[in-house]
Amino acid sequence: MLTVLGLSSALVCALPSFAFAAEGGIEKILPDMNEFVPMLVAFILILIVLAKFGWPMFEGIMVRREAAIKESLEKSEAARIESEKLLEEYKKQLAEAKAQAAQIVADAKKTGESVKADIESKAQVEAANMIEKAKAAIEAEKKQAVSDLQGSVADLTVSVTARIVGEDLSDDEHRAIIERYINEAGSFNA
């Protein structure tokens with residue numbers, strides 16, 4: 001029993017015309033000709049009107065939409081390319097700024113070293129000048145001391161000679177003898 005019921009269900013699903021035929025015949029499936037012809041004419045008229053007016057309008061909308069999407073894609077691509085160019089330009093400017101900063105630091109170091117060397121050389125020149133002035137002052141004082149010493153030696157020699165010789169020479173004679181002695185003594189020291 002189960003198999004007969006399963007078979008009839010399968011036939012109804014596979015062949016619906018048999019199901020309609022079993023219930024009232026094929027007339028139930030076929031349209032009434034009095035209704036079919038006007039519906040067919042109306043369908044053809046609607047199809048013609050839509051083909052004449054609706055489809056071109058729909059196609060125009062689709063073409064405009066496609067053009068708008070294409071234009072939008074082109075604009076976005078152009079904007080992307082422009083942003084990449086700007087990014088590269090900013091990167092280049094950043095690299096140039098870093099290079100300039102490094103150059104400024106290097107120049108500052110070089111200038112600092114130059115100023116340091118200049119100050120050191122000026123200090124050395126000043127020290128050398130001070131040493132030369134000190135040597136000149138020492139030499140001048142030495143000459144002054146030698147001159148004062150020579151004068152003292154001359155006076156002492158005059159008085160010693162006067163005692164030894166027992167007679168007085170004139171000052172001019174004493175001076176001539178002393179100067180000759182000092183000149184001879186001075187040539188031994190030089």
Side-chain angles (χ1 to χ4, degrees), residues 50-51 53-190:
L50 284 177
F53 299 108
W55 184 252
M57 187 185 312
F58 179 72
E59 191 175 18
I61 290 171
M62 293 300 290
V63 166
R64 284 194 303 271
R65 179 74 178 143
E66 182 182 350
I69 291 172
K70 189 175 184 180
E71 182 181 341
S72 176
L73 288 173
E74 288 173 355
K75 283 182 181 178
S76 67
E77 182 66 19
R80 184 188 63 81
I81 291 171
E82 181 66 25
S83 67
E84 286 178 357
K85 284 181 185 177
L86 287 174
L87 180 63
E88 287 300 319
E89 185 176 320
Y90 290 143
K91 284 181 180 179
K92 187 185 295 183
Q93 288 175 354
L94 181 62
E96 288 175 2
K98 285 181 180 179
Q100 285 178 348
Q103 183 63 36
I104 288 170
V105 168
D107 289 345
K109 283 182 181 179
K110 187 185 289 185
T111 302
E113 290 172 1
S114 172
V115 168
K116 178 184 173 187
D118 189 40
I119 289 172
E120 286 177 353
S121 68
K122 284 181 180 178
Q124 288 177 350
V125 167
E126 280 186 38
N129 287 341
M130 290 174 70
I131 290 171
E132 286 299 317
K133 286 179 183 178
K135 284 182 180 179
I138 290 171
E139 189 64 33
E141 287 186 23
K142 179 180 167 185
K143 286 182 181 180
Q144 181 64 35
V146 168
S147 174
D148 290 344
L149 185 61
Q150 286 176 351
S152 297
V153 168
D155 290 338
L156 184 61
T157 307
V158 168
S159 65
V160 169
T161 308
R163 285 190 186 160
I164 293 176
V165 174
E167 59 185 74
D168 279 334
L169 297 171
S170 71
D171 280 338
D172 290 333
E173 292 174 336
H174 282 278
R175 295 252 177 233
I177 293 172
I178 293 170
E179 283 180 15
R180 189 180 69 215
Y181 172 73
I182 290 174
N183 285 337
E184 289 174 5
S187 65
F188 294 127
N189 287 336

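Predicted model, so just to flag it, every value in this text is computed and none were measured.
Here the CD1 atom belonging to Ile69 is positioned 11.5 Å from the CD atom belonging to Glu71, to the nearest 0.5 angstrom. The structure places NZ of Lys75 at 15.0 Å from CD of Glu82, a figure rounded to the nearest 0.5 Å.
Counted within 6.0 Å of CZ on Arg65, heavy atoms from surrounding residues, nucleotides or ligands total 12 or fewer; the atom is thus considered open. Heavy atoms of other residues, nucleotides or ligands lying less than 6.0 angstrom from CD of Glu66 number 12 at most.
Across Ala51 and Trp55, no two heavy atoms sit closer than the pair O-CB, 3.9 Å.
The side chain to side chain donor-acceptor pair (under 3.5 Å) analysis of residues 126-135, with sequence neighbours excluded, yields no pairs. Within the structure, the side chain to side chain donor-acceptor pair (under 3.5 Å) test picks out the following pairs touching residues 94-113 (sequence neighbours left out): Gln103-Asp107.
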- Show your reasoning for whether salt bridge (charged side-chain N to carboxylate O under 4.0 Å, His left out) applies to Lys85 and Glu88. CA-CA 5 Å; Lys85 284 181 185 177; Glu88 287 300 319; over 6 Å; no
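In this structure, Ser83 contributes its side chain and Ala79 its backbone to a donor-acceptor pair below 3.5 Å.
With Lys122 as the fixed residue, the side chain to side chain contact (heavy atoms under 4.5 Å, CB included) test singles out one of Asp118, Ile119, Val125: Asp118.
Legend: residues meeting salt bridge (Lys or Arg N to Asp or Glu O under 4.0 Å) with Lys143, ordered by chain and number and at least two apart, are absent.
Annotation: side chain of Lys142 is in contact with side chain of Glu139 (closest heavy-atom distance under 4.5 Å).
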